[in-house]
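Report on the following structure.
Chain identifiers are assigned alphabetically (A, B, ...) following the order of the sequence lines, protein sequences preceding nucleic acid strands; residue numbering begins at 1 within each chain.
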Amino acid sequence: MTTTKMSLGAALGAGLRRALDRDRKVVIMGEDVGRLGGVFRVTDTLQKDFGDNRVIDTPLAESGIIGTAFGMALRGYRPVCEIQFDGFVYPAFDQIVAQVAKIHYRTRGRVTVPITIRIPYGGGIGAVEHHSESPEAYFAHTAGLRVVSPSNPADAFHMIQQSVAANDPVVFFEPKRRYWDTGEFDPDAEPDLPLHRARVVHEGVDATIVAYGSVVATALSAAEIAADEGHSLEVIDLRSLAPIDFDTIEDSVRKTGRLVVTHEAPKFLGLGAEIAATISERCFYQLDAPILRVGGFDVPYPPARLELHHLPDADRLLDAVDRSLAA
Amino acid sequence: MVDNIAYPVQLIQPDGRRVLRPDYTSLVRDIGTQQLRSLYEDLVVTRRMDVEATALQRQGEMGLWAPMLGQEAAQVGSARALRPDDYAFITYREHAVAYCRGVDPAVMAHMWRGCAHSAWDPHEVNVTNPAIVVGSQGLHATGYAIGAHLDGAEIATIAYFGDGAISQGDIAEALGFSMSFNAPVVFFCQNNHWAISEPVHLQSPAPIAQRAAGYGMPAVRVDGNDVLAVLAVTRQATQRVREGGGPIFIEAITYRMGPHTTSDDPTRYRSAAETEAWKARDPIDRVRRLLDREGQLDETFLAHIQDASDRVAARLRSGTIDAPDPAPLDLFDNVYSADHPLIDEEREQYAAYLAGFKDAEEAEAFGRNEEATEEALS
């Protein structure tokens, strides 16, 4: 086993390189993905190595990117589309939810559109408006789409390849403030989990925290602080936002009896609400406290100088954990 | 860049006389009497299909139908220009295109009856299931054409849309993308003058075909009620894109004689005089007049057309009425191509719920039997 140390962004690029190598029908398309390598450089050098028929710079039109990818998928291609920033996906919303998500159902299984839609999402990088949003609930709410978000380089490397290989369309949320976080993994090892499974990333017995994408690191630091204070927290990295691996959460909550769900997205009607409702149904008699949610506030994403108040941090998470433990 | 803005290409006049246009007649030189009769047959048969479907809707056998009355020539002429390996992207009104591509009229009915969103395999006949969101298919056709181009396939892709759809961003984006990638796609706009109740001048104060020029794309206007002219310009366009000449835009000027759908009431927004004026330009009448002028309208042929129309109408009718309702649990099929825990759980729960009714019915039936037995014994 040879491990390599890589940033999350570089791991995504390495995963895409593998996908391009493995299947000549895989094409990457989006704004600035070619010579520039994407504004976050995730596709750096791919056009140089695979040519501009495989790594395609598109006109600046998000609906156009997804709509043409849909047509290419009908022709047998596996497009990987990059939407440059979360707040730019809305012009493509119709093509994603009305066309890409529904064609398999509409044609009673005769047509598959294996499209991967990469969206750098979330805040914490001091960006301007429309560059820091968390629109994952819109897509998780749409039948026909799979929605995932890795939190670390190893998962990023494997999950992007699993998404490209999946025959269903996958909306792939990349935690942009973790692009530069590094981690070690063995690129030649098989992925240890299928795409739809969650992972326990920190074991504990007093309470469970469910997180995904950008806030997994926040949850892990909260667990470390809690350990110093004598509380043992279990942290679950959801990885797949649709479907949600409720079994893994249920197993943990049956052990700890307490659950806190966290995400950057606004709390109202967010994924936390779905998780709280379902785990309440499944674990009503095992719960020792109400399920709590720590999310972004129900406001438009604020200016950068306010974002540290908006984004869940370890203190807000621990405050919720304290309330749960006190119940 | 736009051919014939003021005088759209026409090869047959409304009174059945031919128009001398050597530049376009050369494209349909092979259309002799037999071929013209065959085009006429498709026009008559597809109109009959349309009338039958409208009747089926009125009789409660279909939930909805979008009549294409008046647009037969635009659809038959363009579809008959396509080769089997070309690919057509259609909307909910392109019944004649689907028919000419080989879609079984009995299968077409399923969507309108509500048995399925769509029922045919697009890859078997190289025509997509009807797009309902107008304009979306322009991008799909462009993407398909880009894929075909990358494959080195010498085929044409054709995107059908109406005058309403030109206001949608997706059509604008499709025109842009197709030029950027030199995609082998024909944009075929049926300007039928009305987008439900909105007249074409609300979508565009200028001739629609002029829009293509802004993208650097050539365009041609054609009399959409002239099957021969539509055949000619579509052949020219598909030939161009197959040879790598890049995308091209056709505006077929036609008229929707009927309502937008069977739920619409066109008398609320347009005059009878306007409809009457277009009736004089009927796409079927003019081919019949041409055949008549040339002495090709004999009894045997007319009987054959009648017979073909009756057969297709009967097929549509039986296909509609006999279409089985899907089973309740079909609801959960084909949402995803692989297992999905949420769908699997919901299917299982709903199956158990339905089975509960079955048990109750059986219990009830059993109870009645018990009572009957007791009564009989007493």
Side-chain angles (χ1 to χ4, degrees), chain A residues 24-25 27 29 53-54 56-77 79 91-92 94-95 98-99 101-114 143-146 166-169 194-197 240 242-247 274 278, chain B residues 87 89 110-111 116-124 128-133 135-151 153 157 159 168-170 172-174 176-181 183 185 326 330-345:
Chain A
R24 65 181 187 82
K25 288 293 187 185
V27 291
M29 50 200 291
N53 282 352
R54 302 286 308 280
I56 303 167
D57 271 328
T58 66
L60 269 72
E62 282 74 17
S63 189
I65 293 169
I66 305 299
T68 50
F70 180 97
M72 290 182 78
L74 283 180
R75 181 75 199 174
Y77 284 81
D94 168 59
Q95 284 288 347
Q99 307 296 333
K102 294 191 171 78
I103 188 70
H104 192 68
Y105 196 68
R106 182 181 301 147
T107 60
R108 308 180 92 174
R110 293 183 183 98
V111 171
T112 52
V113 283
L145 300 175
R146 293 178 186 271
N167 284 328
D168 292 320
L195 193 59
H196 65 275
R197 289 288 304 280
S240 174
I244 289 173
D245 178 8
F246 288 112
D247 293 345
E274 182 60 44
T278 301
Chain B
Y87 213 107
F89 287 72
H110 289 201
M111 172 177 130
H117 287 320
S118 61
W120 70 80
D121 184 342
H123 294 322
E124 271 180 15
T128 54
N129 306 117
I132 307 286
V133 179
S136 60
Q137 76 283 8
L139 282 169
H140 305 162
T142 301
Y144 190 90
I146 291 170
H149 192 47
L150 292 176
D151 292 341
T157 299
Q168 290 279 358
D170 277 2
E173 293 186 20
F177 271 66
S178 68
M179 284 303 287
S180 299
F181 298 108
V185 57
D330 286 0
L331 193 62
F332 302 98
D333 290 346
N334 302 308
V335 183
Y336 297 91
S337 65
D339 289 348
H340 189 284
L342 179 64
I343 306 288
D344 296 345
E345 186 186 329

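Proximity to chain A (any heavy atom under 4.5 Å) is shown, for A148(B), by both the backbone and the side chain. For a residue to count as touching a neighbouring chain, one of its non-hydrogen atoms must lie under 4.5 Å from one of that chain's; by this rule Q168(B) does not touch chain A. Heavy-atom distances place no part of A69(A) under 4.5 Å from chain B, backbone and side chain included. Using a 4.5 Å cut-off between heavy atoms, T278(A) makes no contact with chain B at all. Residue contact with chain B, scored on non-hydrogen atoms closer than 4.5 Å, is absent for I66(A). Proximity to chain A is limited to the backbone of A119(B), based on heavy atoms less than 4.5 angstrom apart. Neither the backbone nor the side chain of K102(A) comes within contact range of chain B, judged by heavy atoms closer than 4.5 Å. Neither the backbone nor the side chain of A141(B) has a heavy atom closer than 4.5 Å to any heavy atom of chain A. At a 4.5 Å heavy-atom cutoff, the contact between D121(B) and chain A is made by backbone and side-chain atoms alike. Residue contact with chain B, scored on non-hydrogen atoms closer than 4.5 Å, is absent for D247(A). With a 4.5 Å cut-off on non-hydrogen atoms, D339(B) touches chain A through its backbone but not through its side chain. In this structure, chain B has a heavy atom under 4.5 Å from the side chain of T112(A), while its backbone stays farther away.
Side-chain contact between D151(B) and Y77(A): present, with at least one pair of heavy atoms (C-beta onward) separated by less than 4.5 Å. Side-chain contact between Q99(A) and R106(A) is present, with at least one heavy-atom pair separated by less than 4.5 Å.
Chosen from D245(A), V27(A), L145(A), the residue pairing most often with chain B at heavy-atom distances under 4.5 Å is L145(A). No other option in A101(A), G109(A), P243(A), P79(A) has as many heavy-atom pairs under 4.5 Å with chain B as P243(A). Of the listed residues (S180(B), S136(B), A153(B), A131(B)), the greatest number of heavy-atom pairs within a distance under 4.5 Å of chain A belongs to S136(B). For the set L150(B), N129(B), L342(B), the count of heavy-atom pairs under 4.5 angstrom toward chain A peaks at L150(B). Ranking I146(B), T157(B), V133(B), T128(B) against chain A, the residue ahead of the rest is V133(B), based on heavy-atom pairs under 4.5 Å. The candidate with the highest count of non-hydrogen atom pairs below 4.5 Å against chain A, out of H117(B), E124(B), H140(B), is H140(B). By number of non-hydrogen pairs under 4.5 angstrom with chain B, the leading residue of I65(A), I56(A), L74(A) is L74(A).
Considering NZ of K25(A) and CZ of R75(A), their distance stands at 7.0 Å, rounded to 0.5 Å. Note that the OG atom of S63(A) and the CZ atom of F70(A) stand 12.0 Å from one another [nearest 0.5 Å]. Interatomic distance, I244(A) CD1 to H196(A) NE2, rounded to the nearest 0.5 Å: 13.0 Å.
Judged by distance alone, the side chains of D168(A) and S337(B) do bring a donor and an acceptor atom under 3.5 Å apart.
A perpendicular orientation is assigned to the rings of H123(B) and Y87(B), their planes being inclined by more than 60° (bins at 30° and 60°). Taking the six-membered ring where tryptophan is involved, the planes of Y336(B) and H340(B) are essentially parallel, since the angle between them stays under 30° and well short of 60°.
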Any chance you could lay out the side-chain contact (heavy atoms from CB on, under 4.5 Å) test for E62(A) and Q95(A), step after step, and finish with the verdict? CA-CA 9 Å; E62(A) 282 74 17; Q95(A) 284 288 347; over 6 Å; no
Test log, rule side-chain contact (heavy atoms from CB on, under 4.5 Å), inputs F246(A) and E274(A): CA-CA 10 Å; F246(A) 288 112; E274(A) 182 60 44; 4.3 Å; yes
Taking it one step at a time, do T58(A) and T68(A) satisfy side-chain contact (heavy atoms from CB on, under 4.5 Å)? CA-CA 10 Å; T58(A) 66; T68(A) 50; 5.8 Å; no
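Between the side chain of E173(B) and the backbone N or O of G64(A) there is at least one donor-acceptor pair closer than 3.5 Å.
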